[in-house]
Amino acid sequence: MTEQELERRQQEFDAKVANEERIEPKDWMPDDYRKTVLRQMSQHAHSEVIGMQPEGNWITRAPTLSRKAILLAKIQDEGGHGLYLYSAAETLGTSREDMVEALHLGKAKYASIFNYPALTWADMGAIGWLVDGAAIVNQVSLQRTSYGPYSRAMIRICKEESFHQRQGYQIMLVLARGSTEQKAMAQDALDRWWWPSLMMFGPHDAESAHTAKSMQWKLKRESNDQLRQKFVDQAVPQAEFIGLKMPDPDLHWNEDRGHYDFGKIDWDEFWRVVSGDGALQPPTSGTPYQSPGGRRLGTRRHACL
Ligand code: BYC
């Protein structure tokens with residue numbers, strides 16, 4: 001391709017992005033854009049599939065038949081989301097096998113939150129409420145992403161995610177209004193899942209390798225910090241409503257900003273977990289599990305309440 005031709009195509013691409021038109025698989029696109037969409041979609045697809053695992057472990061231990069059926073349906077949806085996303089990524093000329101191989105070789109990532117264990121039934125509540133809740137905040141924004149197949153996959157996925165978030169919140173609500181032990185179990189799950197949920201949005205904007213370029217391409221419509229703030233503002237009143245306390249002494253409403261201020265995220269823990277440090281030694285009876293960052297993770301005694 002001549003230099004003029006390349007420039008013309010780049011201008012056409014830029015104009016489409018500026019006019020809020022979607023980039024479709026057969027359209028010309030800059031190599032870096034192709035690489036970045038593919039990286040994000042494959043990571044997203046892997047996260048959906050890997051994310052089935054912590055919840056999958058609780059299908060046989062769900063406390064009632066109805067809870068079991070709901071959890072099963074929810075996990076099945078996650079598998080479906082993975083498939084939509086692998087298909088959307090395949091429109092860029094890769095194959096599902098190649099994406100999975102990249103994951104196995106450690107060349108592709110998945111959301112680090114799924115390296116944390118689901119220790120009690122309340123974790124099913126916390127995952128739905130917080131992990132799906134954080135995912136929705138991000139995915140609602142991604143419905144307007146510039147890559148057509150990704151945007152359409154997100155529209156479909158968001159409809160199902162709102163059910164996931166509500167089923168998780170409802171589990172927490174029931175536990176929080178239950179016995180003293182049940183309330184303690186819900187609080188323990190919130191304590192363990194809150195900070196990893198904030199990490200789901202990725203590093204702060206100033207540290208984020210891809211955000212500036214992805215925002216310019218309208219691949220990402222809001223930055224990691226903007227989305228994280230939206231999530232905090234939404235989750236704090238939800239916790240208050242069910243009488244649970246966020247595990248953050250620095251959390252408070254900032255009248256001037258019109259948002260909640262919150263404490264420092266432990267980025268060392270984030271990077272350790274991203275690089276695979278998620279395996280835990282099971283405790284001996286009554287000994288607390290340790291999170292990858294050293295936070296107390298509850299005890300085996302809680303597991304089947
Ligand atoms: N975990 O420049 P940055 C679900 C990496 S599943 C691991 O900000 P970007 C569910 C990042 O990849 C839905 N790695 O990146 C399923 C990059 O490394 P590389 C999950 C992370 O892409 C079952 C480096 O850090 N949702 O809902 O601009 C049950 C620098 O980051 C993470 C999605 O996947 C992380 N959390 O922004 C329940 C959303 N964060 O690739 C629920 C789609 C960052 O250069 N993805 N890294 O080696 C996105 O929106 C964006 O990729 C992110 C990161 C906001 C996550």
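For ligands, and for the atoms within them, numbers begin at 1 and follow the listed sequence.
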Test of proximity, K74 against ligand 1: N or O pairs below 3.5 Å: no
Give the residue, atom name and distance (to 0.1 Å) of the protein heavy atom nearest [atom].
atom                    : answer
atom 30 (C) of ligand 1 : P203 CG, 3.9 Å
atom 10 (C) of ligand 1 : F114 CZ, 3.5 Å
atom 39 (C) of ligand 1 : N138 ND2, 3.3 Å
atom 32 (C) of ligand 1 : F270 CZ, 3.5 Å
atom 3 (P) of ligand 1  : S208 OG, 3.4 Å
atom 48 (O) of ligand 1 : K109 NZ, 2.4 Å
atom 37 (O) of ligand 1 : K220 NZ, 2.9 Å
atom 55 (C) of ligand 1 : F201 O, 3.6 Å

Can you give the donor-acceptor pairs under 3.5 Å from side chains of residues 95-109 to other protein atoms, not counting sequence neighbours?
| from | atom 1 | to | atom 2 | distance (Å) |
| --- | --- | --- | --- | --- |
| S95 | OG | D98 | N | 3.1 |
| S95 | OG | D98 | OD2 | 3.4 |

Please confirm whether [X] comes under 4.0 Å of ligand 1, counting heavy atoms of the residue only.
X    : value
A111 : yes
M41  : no
E207 : no
H81  : no

H44, portion touching ligand 1 at heavy-atom distance under 4.0 Å: both
Part of L227 within contact of ligand 1 (heavy atoms, under 4.0 Å): neither
Test applied, side chain to side chain donor-acceptor pair (under 3.5 Å); reference residue, R9; option that passes from E5, Q11, E12: E5
Which ligand 1 atoms does [X] reach within 4.0 Å, using its non-hydrogen atoms?
X    : result
A209 : 2 (O)
V274 : 7 (C), 14 (N)
W271 : 24 (C), 25 (O)
E161 : 27 (O)

Hydrophobic cluster (4.5 angstrom, side-chain heavy atoms) - remaining members for F163: I70
Plane angle bin for Y33 and Y147 - parallel if under 30°, tilted between 30 and 60°, otherwise perpendicular: perpendicular
Mutual orientation of the aromatic rings belonging to H81 and Y84 [parallel < 30°, tilted 30-60°, perpendicular > 60°]: tilted
ring-ring contact (aromatic ring centres under 6.0 Å, His included) between F231 and W194, intermediate numbers included: CA-CA 11 Å; F231 172 67; W194 175 244; 5.7 Å; yes
Side chains of E161 and Q165 in contact at under 4.5 Å (non-hydrogen atoms): no
L251 side chain reached by V232 side chain, heavy atoms, under 4.5 Å: yes
I136 reachable from L227 in the ILVMFWY side-chain graph, under 4.5 Å edges: no
